[in-house]
Peer 1: 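Structure in structure tokens, see below.
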Amino acid sequence: MMTIEIRTVGVLGAGQMGSGIAQVAATAGYTVKLADVDLERATKATSKIAAMLGKLVEKGKLTAEAAEATAKRLIPVAGIADFGDCDLVIEAATENVDLKLKLFAACDAAMKPDALLASNTSSISVTKLAAVTKRPGKVLGMHFMNPVPLMRLVEIVKAVQTEPETYTTIKEAAEKMGKTVVTSNDAPGFLVNRILIPMLCEAMFAVQEGVGTPEDIDTGAKLGLNPPMGPLELADLIGLDTVLAIANVLYTDIGDTKYRAPTLLKNLVRAGWVGKKGGRGFYVYDEKGQKVPEGFVGTITLNRPDKLNALNAELVGELHRVLAEIRRDKDLRALIVTGAGDKAFAAGADIAAMSTMTGPEAKAFGELGHAVGAQMETLAIPVIAAVNGFALGGGCEMALACDFIHASTKAKFGQPEVNLGVIPGFGGTNRLARRVGIGRARELCFTGDVIGAEEALRIGLVNGIHAPEELLGKVKEIAAKIATKGPLAVAQAKRVLLRGLDVPLPTANELEVQAFAALFGSEDQREGMAAFLGKRPANFVGR
Ligand SMILES: CC/C=C\C/C=C/C(=O)SCCNC(=O)CCNC(=O)[C@H](O)C(C)(C)COP(=O)(O)OP(=O)(O)OC[C@H]1O[C@@H](n2cnc3c(N)ncnc32)[C@H](O)[C@@H]1OP(=O)(O)O
């Protein structure tokens, strides 16, 4: 039987995998039509690939001429309808069986009869995909590894219906793209994921059962077994949603409980912590995809949930002690303050305790709260409030003493002290006025009104609001991002921003100039600028 000669390759899906496949196919000399849900996405991905090629030129791995010719071979298209002249289409959409079946039927309808159709699926039955087409003999699996341009393997998966000529042609195409081919029959997980996914899940079971930390598990695997990355790092790179989808296919199709997904994996995916692409999985990543070192972000939890974390002398005193300890910790780069339970950050100073206080006792209590506020404001590291519920009275005041506030959508803020015949006593009146303006602060303090998260966002009391289950994760991401920056610079920015509030602008500007100059000559200033010029991420040490 005659087989088609491959000149034009269609790639469906312009995400990480599809873009990688388009890049290696174009580099191999094929004309590549790249499609996604719309032309805009395909065009964006094509530009990104061109930029990647540019980087290879800078690194001396590709000539400028070759990069230009490769980029010219990449054509973004509006959709599947543009695949009519393609000799081979490689589908690289999300790992979802219903979606892939739909896309396969649509590709089949749009493509010329003798063209070949491949799926980059990592687990879905290729036989099932072939069966929805009118060309089942011309269908097979072409499973590239991530990142496609760097990974040498392509796993070719033969559907039951795949004709030998289809296999041979695709194998040659994969080899032309610089890949080594292994061949698998159509079975759940094929060859690579049949081995890999249970291994990744086993590492997750070990975390779930408390056998070891993610760091120890990854280090143990790397140094003991010699793969380039640990199983949890790899799971984060693949995407935890993808790992879960494949684990579910293995479990459902093979029917053996040894393939079940760990609850921990399911929960991380439910939380939206899908790994590197989402900024958080087993590890936290900054916007450049760099892993943020653990231990740089601390969390204080106000922990008296049966009283909605109401602040009595014991709790405020403990807070004072812990903050003094944090001040001595040279490793911390950001601090989060939040409340225990799902109802309150802190519903105020403890009314029962205050109800019997004399004037001097109230003064001492107020001064303790002020001392805590001052500690938070003058720490060298940023303090972020993650307000997970009620932040009333003293609770709102504690949040205001933090550098900035993020809140859950069900958070409530207010200074309701006037209802009790008193006024804020932990710095709330003046900090609230500085945060939201004197008029709004007056209204809140005079009426005792309690406002919701949306209103708090609108008036600038909080910087962002998030679904309750996402709040802490989002705040940790922000703290983790700060932890990657120059600690001395962050500390100076915090100091100048705070002190600048209380002095005339010329004095504030003078403070800024002094702080700016003081940073020069520090290791971090030299490192930050050298890293930029060297086109590499900076590694700040806080000196
Ligand atoms: C020197 C002075 C220093 C600083 C000045 C600061 C002053 C203040 O902060 S004054 C307090 C301001 N806060 C308030 O007025 C809020 C009081 N709380 C409430 O209005 C409600 O609890 C709520 C609307 C926040 C929630 O209502 P609900 O969902 O119905 O919960 P409960 O009321 O049943 O609360 C559960 C539990 O927590 C106790 N609790 C709540 N807030 C406080 C508080 N501020 N002080 C002491 N205890 C508090 C509440 O009594 C319940 O306890 P029991 O289950 O034992 O009854």
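Residue numbers count from 1 along this sequence. This one's a predicted model, so the numbers in the text were calculated from it and none came from an experiment. Order of listing sets the numbers, starting from 1, for every ligand and every atom in it.
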Peer 1: Could you tell me whether Lys307 and Asp350 make a salt bridge, using a distance below 4.0 angstrom between a side-chain N and a carboxylate O?
Peer 2: no

Peer 1: With a 4.0 Å heavy-atom cut-off (strictly under), which part of Pro416 contacts ligand 1: side chain, backbone, both or neither?
Peer 2: side chain

Peer 1: Inspect the contact between Lys128 and Asp253 and indicate whether a charged nitrogen and a carboxylate oxygen are less than 4.0 angstrom apart.
Peer 2: no

Peer 1: Going from CG on Leu335 to CG on Asp403, what distance comes out if it is rounded to the nearest 0.5 angstrom?
Peer 2: 9.5 Å

Peer 1: For the pair Phe365 and Phe426, name the ring-plane relationship: parallel under 30°, tilted 30 to 60°, perpendicular over 60°.
Peer 2: perpendicular

Peer 1: Quick test: of every protein heavy atom, which one is nearest to atom 1 (C) of ligand 1, and how far off is it to 0.1 Å?
Peer 2: Ala362 O, 3.4 Å

Peer 1: Does the protein place any heavy atom closer than 4.0 Å to atom 27 (O) of ligand 1?
Peer 2: no

Peer 1: When you measure from atom 43 (C) of ligand 1 to every protein heavy atom, which one gives the shortest distance, and what is it?
Peer 2: Ala310 CB, 3.9 Å

Peer 1: Considering only NZ, NE, NH1 and NH2 on the basic side and carboxylate oxygens on the acidic side, decide whether Glu477 and Lys481 come within less than 4.0 Å.
Peer 2: no

Peer 1: Which heavy atom of the protein is the closest neighbour of atom 35 (O) of ligand 1, given with residue, atom name and distance?
Peer 2: Leu308 CD1, 3.6 Å

Peer 1: Going by heavy atoms, is Met354 under 4.0 Å from ligand 1?
Peer 2: yes

Peer 1: Is Lys343 in contact with ligand 1, taking contact as a heavy-atom separation below 4.0 Å?
Peer 2: yes

Peer 1: Can you tell whether the side chains of Arg440 and Glu443 come within less than 4.0 Å, N to carboxylate O?
Peer 2: no

Peer 1: Roughly how far apart are Phe413 CZ and Leu457 CG, rounded to 0.5 Å?
Peer 2: 10.0 Å

Peer 1: Salt-bridge test for Glu455 and Arg458: reply yes if a basic N is under 4.0 Å from a carboxylate O, no otherwise.
Peer 2: yes

Peer 1: Taking atom 4 (C) of ligand 1 as the point of reference, which of Gly414, Gly425, Gly389, Gly428 owns the nearest heavy atom?
Peer 2: Gly425

Peer 1: Any N/O of Ala349 closer than 3.5 Å to an N/O of ligand 1?
Peer 2: yes

Peer 1: Applying a 4.0 Å heavy-atom criterion (strictly less than), which segment of Lys307 is in contact with ligand 1: side chain, backbone, both, or neither?
Peer 2: both

Peer 1: Any heavy atom of Asp306 sitting closer than 4.0 Å to ligand 1?
Peer 2: yes

Peer 1: Any N/O of Phe365 closer than 3.5 Å to an N/O of ligand 1?
Peer 2: no

Peer 1: So which heavy atom in the protein is nearest atom 46 (N) of ligand 1, and how far is it from that ligand atom?
Peer 2: Ile351 N, 2.9 Å

Peer 1: Out of Gly393, Gly421, Pro424, Ala347, whose heavy atom sits nearest atom 14 (C) of ligand 1?
Peer 2: Ala347

Peer 1: Looking only at distances, please establish whether an N/O atom of ligand 1 is found under 3.5 Å from an N/O atom of Glu397.
Peer 2: no

Peer 1: Short N/O distance, under 3.5 Å, between Gly394 and ligand 1?
Peer 2: yes

Peer 1: Identify, with sequence neighbours excluded, every residue that meets salt bridge (charged side-chain N to carboxylate O under 4.0 Å, His left out) alongside Arg431.
Peer 2: Glu377

Peer 1: Taking all non-hydrogen atoms of both residues, which atom of Arg435 and which atom of Leu400 are closest, and how far apart?
Peer 2: NH2-O, 3.0 Å

